[in-house]
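Naming: A, B, ... by sequence-line order, numbering from 1 per chain.
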Amino acid sequence: MSSGLAQQRTSLAWTRSALAILAIGAALVKAAWEARAPVLVAASAAVLLVLAGLVWWAGEREDRRRRTGTGPAAARASRPLLLLLPVASVISALMALAVALSTGH
Amino acid sequence: MLPGQATRARRADERSGPSEVGEEPDPRFTFANERTFLAWNRTALGLIAAGAAAAAFLESGLSGGRLVVALPLIVLGAVLGVFSFRHWEANERAMRLGEPLPSTRMPRVLALAIAVMALVTAVLVVADLVAE
């Protein structure tokens, strides 16, 4: 079995993660819009768009580095780039909390 | 090595990340571990999205009913996001040292939390229907 296919699946998993963040962004914008909170609409859209872009960029960067590298060391994951995802999750959660508290009653 | 020195060495090892210990594993295992991390993280994002959707769209006549569902889901999502990274690190370290992969209770905790939240949501929806 080729590790090239495993690398491709990993790259696709990064793309799906970026899309998941975009989906949360869309849900939060819609929820904040329903709650008539224009500041939260703008903040949700801006923050989650940037986060999704960063995650997509990180995945692309990892994929490019691995395609051009050789040997097992080239497959090694970049810790700071991986750390981006839990940070994005926590920021998304904080945005979601802000929207939930503005809409929940 | 004295106990204090061992603790300091372990902390330095944790700061430097798992890539500094042991030997490079088979790239397919490295990729598999990364995909597992990404899958856990997407699950975290899914919980956050579910919480946001519950806050926005769940119909409940009870005061604070939406937040009872939304807040635990969002908090669990944030916790799971952090857990996913810790779990990736622990797996990476174990693979590099040729040790067994560490076990985790998180799948059980997640399944239980989802079941409880589904039940709470169902109760709120039924209570709302009965009140109408």
Side-chain angles (χ1 to χ4, degrees), chain A residues 1-17 19-21 23-28 30-35 44 55 59 62 66 71-80 82-97 99-105, chain B residues 16-20 23-58 60 62-71 73-86 88-89 92 96:
Chain A
M1 194 173 79
S2 161
S3 67
L5 292 176
Q7 182 189 325
Q8 212 171 98
R9 286 196 299 276
T10 309
S11 175
L12 289 167
W14 274 95
T15 307
R16 283 198 302 277
S17 297
L19 288 171
I21 294 173
I24 290 184
L28 289 183
K30 171 78 174 152
W33 184 267
E34 297 278 327
S44 303
V55 168
E62 282 290 84
R66 284 164 166 165
R76 187 188 295 173
S78 162
R79 193 169 180 262
L82 257 61
L83 198 52
L84 192 61
L85 274 160
V87 169
S89 300
V90 171
I91 293 174
S92 301
L94 290 174
M95 296 297 304
L97 277 178
V99 172
L101 291 173
S102 74
T103 61
H105 44 76
Chain B
S16 64
S19 303
E20 307 300 321
E23 290 176 3
E24 211 65 56
D26 185 317
R28 287 172 298 181
F29 298 155
T30 306
F31 289 134
N33 187 26
E34 191 171 320
R35 283 198 303 278
T36 307
F37 158 70
L38 290 165
W40 272 110
N41 208 272
R42 277 197 306 279
T43 306
L45 292 170
L47 287 171
I48 295 165
F57 307 116
L58 185 67
S60 172
L62 296 173
S63 172
R66 290 175 172 190
L67 291 181
V68 167
V69 176
L71 295 186
L73 286 171
I74 293 169
V75 171
L76 183 62
V79 170
L80 201 59
V82 175
F83 158 81
S84 66
F85 185 75
R86 305 282 304 193
W88 168 80
E89 273 194 324
E92 190 74 8
R96 296 186 70 89

Closest heavy-atom pair and its distance - [X], [Y]:
X	Y	answer
A:Ala93	B:Ala78	CB-CB, 3.7 Å
B:Asn41	A:Ser89	OD1-OG, 2.9 Å
B:Ala55	A:Thr103	O-OG1, 3.2 Å
B:Arg35	A:Ala6	NH1-O, 2.9 Å
A:Ala75	B:Thr30	O-CG2, 3.4 Å
A:Ala100	B:Ile74	CB-CD1, 4.1 Å

**OP:** Check B:Phe85, B:Phe37, B:Trp88 against A:Leu85 for a side chain to side chain contact (heavy atoms under 4.5 Å, CB included) and give me the one that passes.
**Re:** B:Phe37
Subject >> CZ-CD distance between A:Arg79 and B:Glu92, expressed to the nearest 0.5 angstrom >> reply: 11.0 Å
Original post:
Nearest 0.5 Å, what's the CG-CG distance between A:Leu19 and B:Leu45?
Top reply: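 It comes to 11.5 Å.
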Subject >> Residue A:Leu83 versus chain B: region with a heavy atom under 4.5 Å >> reply: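 Interface part for A:Leu83: both.
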**OP:** Measure A:Ala77 against the heavy atoms of chain B and call it side chain, backbone, both or neither at under 4.5 Å.
**Re:**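 For A:Ala77, heavy atoms of backbone and side chain both lie under 4.5 Å from chain B.
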**OP:** Tell me, for B:Phe57 versus chain A, whether the close heavy atoms (under 4.5 Å) come from the side chain, the backbone, both or neither.
**Re:** side chain
Original post:
In terms of heavy-atom pairs under 4.5 Å, which option from A:Ile24, A:Leu82, A:Leu28 contacts chain B the most?
Top reply: A:Leu82
Original post:
Looking at A:Ala96, A:Ala88, A:Ala74, which one has more heavy-atom pairs under 4.5 Å with chain B than the rest?
Top reply: A:Ala96
Original post:
Is the side chain of A:Arg16 donor-acceptor paired with the backbone N or O of B:Leu38 at a distance under 3.5 Å, no angle test?
Top reply: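 No, because the side chain of A:Arg16 does not come within donor-acceptor range (under 3.5 Å) of the backbone of B:Leu38.
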Original post:
Between the side chain of A:Arg9 and the main-chain N/O of B:Phe31, is any donor-acceptor distance below 3.5 Å?
Top reply: no
